[in-house]
Amino acid sequence: MTEGLSVDELRELDARYAMRTYLRAGVEFVRGEGARLWDSSGKEYLDFFAGLSVHNAGHCHPRIVEAIQRQAATFAGSSNLFLSAPALRLSRRLSESSLGGRVFLANTGTEASEGAIKIARKHAHRRGVETPEIISLDSDFHGRTLGALAATPKLADEERFGPLPRGFRYVPRDDAEALRAAASENTAAVFFELIQGEAGVWPIPAEVIEAARQVCDETGALLIFDEVQTGMGRTGTLWAYQGVGVEPDVITAAKALGGGLPVGAIIAGERASDVLEPGDHGSTFAGGPIQASAALAALDVLSDEALLASVRELGERLMGGLREIDGIVDVRGRGLMVGVSLAEGIDAAAVRDRCLEAGLVLNCPGPGMLRLLPPLIIEAADVDRALEIIAASVRG
Ligand code: PLP
């Protein structure tokens, strides 16, 4: 119980007052530390979800807590119309950690997508393209505001939310030829996730990634990787593109970037750095000193080479263990971004619920699938414990 509200009372408030956008589990987490969570009854859980890949540094990491507290007690910001050291240090840090160009700070992944779409369209208009087109991959997820939604084929439902912005098209995620065929002189960008997270952790084949780079080089379009979920060490390198050997023109980031606070970013390389000019884009809250200080602390924790090596090693241990479990028919991912498919007839949502009951938090991104996104600070014993619970929960 917190503030005198039981789980049943919270459910009533949810049913009465919250818009019905989420199907929530009947658990209230009230405390977190590292890879552990505690609910309002005091029950302890091992967290293999990390708030949807937000708490990569673990819950309440002391360096992040200290950075937030210190900045919150000093100065909470005065808009983007004045210089601000935390925001500019963060921009430099993001640039130096990746593509080397300019950075736009945002608040969320969706906003980073929107800004990247604007950059792609303006870049195309400058090349004389009148009707720019952005190509994404089937099952991509880029967010839920209208532009990002239009690049998110599964949710871009014209009947419910139309008219959606024009100028978006999709190709299968595993077909390099289809991507080449879809490209034309109107292509403004090829925009996709290197590993599709919301769809259930589906790595994009190397030949599709290479074809995307080639298509962009040939047409003058921008290659944009959505690193909102794959970034911040999740796959064992700070940015996932650093593990695939293809450099994009732009990456978008969010989720774990803010160390638990809402921070998004668009990071450009040389070709896309100078597209946005004064008046083209902006945001009141973005880059505020409290969020930026949290992000700098999160980057300190997650850029550590020993931690990234551990992500790769524990990812192998986790995937190896999952492959041994009867009832799991496919295991995929990189680092600690792992998806599994279950044998036909096994109800993945029921497996997730049994895991929760047994003290393991994980996610069911769709029928027959589970997704594992633990904090990156987990240890081998945590992986082994999670495997035991998952094996028992798949058995039923
Ligand atoms: N892009 C990807 C790959 C995501 O996974 C998400 C969120 O799940 C988003 C964009 C949207 O981010 P946000 O929910 O912060 O707006």
Side-chain angles (χ1 to χ4, degrees), residues 19 21-24 49-56 94 98 104-120 134-156 161 168 170 173 189-204 209 212 223-235 239-241 243-244 248 250-267 283 285-288 291 294-295 298 332-339 362-366 369 371-373:
M19 285 201 190
T21 49
Y22 302 105
L23 294 171
R24 299 183 222 269
F49 187 47
L52 246 168
S53 199
V54 163
H55 304 288
N56 287 11
L94 288 170
S98 59
F104 180 85
L105 296 176
N107 303 285
T108 63
T110 304
E111 281 181 47
S113 296
E114 292 291 336
I117 291 166
K118 282 174 76 174
I119 291 174
I134 293 178
I135 303 175
S136 293
L137 305 183
D138 286 346
S139 304
D140 257 359
F141 184 94
H142 299 298
R144 292 174 181 274
T145 54
L146 288 173
L149 191 66
T152 297
K154 279 211 168 138
L155 303 177
F161 307 118
F168 292 85
Y170 324 116
R173 65 176 167 220
V190 182
F191 177 30
F192 63 96
E193 306 170 72
L194 285 168
I195 302 175
Q196 293 184 335
E198 296 308 290
V201 187
W202 297 96
I204 301 307
I209 301 170
L223 180 59
I224 307 175
F225 291 156
D226 181 332
E227 292 250 25
V228 168
Q229 198 163 141
T230 54
M232 294 301 284
R234 173 59 58 196
T235 68
W239 305 108
Y241 85 84
V244 303
V250 175
I251 58 178
T252 58
K255 289 197 186 281
L257 173 56
L261 298 189
V263 181
I266 306 164
I267 310 167
S283 161
F285 283 115
Q291 306 92 289
R332 50 192 182 264
R334 196 176 316 137
L336 287 170
M337 181 169 184
V338 176
L362 48 70
N363 170 247
C364 167
M369 292 186 282
R371 176 172 48 163
L372 304 159
L373 299 165

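This structure is a prediction, so every number in the text was calculated from the model and none was measured. Counting convention: from 1, in listed order, for ligands and their atoms alike.
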Quick one: does any side-chain atom of Arg173 pair with a main-chain N or O of Asp140 as donor and acceptor, under 3.5 Å?
no
Which atoms from ligand 1 have a heavy atom of Thr108 less than 4.0 Å away?
15 (O), 16 (O)
Go through ligand 1 atom by atom and flag the ones less than 4.0 Å from a non-hydrogen atom of Glu193.
3 (C)
Per-residue contact class, Thr110 against ligand 1 - non-hydrogen pairs under 4.0 Å:
both
State the CG-CZ distance between Leu373 and Phe49, to the nearest 0.5 angstrom.
7.0 Å
Ile195 CD1 to Gln229 CD distance, which is reported to the nearest 0.5 Å:
9.5 Å
If we only count heavy atoms from C-beta on, is the Trp239 to Ile267 side-chain gap below 4.5 Å?
yes
Please state which part of Arg144 comes within less than 4.0 Å of ligand 1, counting heavy atoms only: side chain, backbone, both or neither.
neither
Could you tell me the residue and atom name of the protein heavy atom closest to atom 2 (C) of ligand 1, and the distance to it rounded to 0.1 Å?
Phe141 O, 3.4 Å
Can we say Arg371 and Glu198 salt-bridge, meaning some charged N sits less than 4.0 Å from an Asp/Glu carboxylate O?
yes
Would you say Gln291's side chain and Asn107's backbone share a donor-acceptor pair under 3.5 angstrom?
no
Mark yes or no for whether Glu227, through its side chain, and Ala240, through its backbone, hold a donor-acceptor pair below 3.5 Å.
yes
Among non-hydrogen protein atoms, atom 5 (O) of ligand 1 lies closest to Gln229 NE2, 2.8 Å
Heavy-atom gap Glu111 to ligand 1 smaller than 4.0 Å
no
Identity and separation of the nearest protein heavy atom to atom 7 (C) of ligand 1:
Lys255 NZ, 3.3 Å
Check the angle between the aromatic planes of Phe225 and Phe192 and answer parallel, tilted or perpendicular using the 30° and 60° thresholds.
perpendicular
For ligand 1, indicate whether the residue His142 contacts it via side chain, backbone, both or neither (heavy-atom separation under 4.0 Å).
backbone
Ranking Ala106, Ser113, Gly109 by closest non-hydrogen atom to atom 15 (O) of ligand 1, top hit is Gly109
Need the ligand 1 atom indices (1-based, order shown) with element for anything under 4.0 Å from a heavy-atom of Asp226.
1 (N), 2 (C), 3 (C), 10 (C)
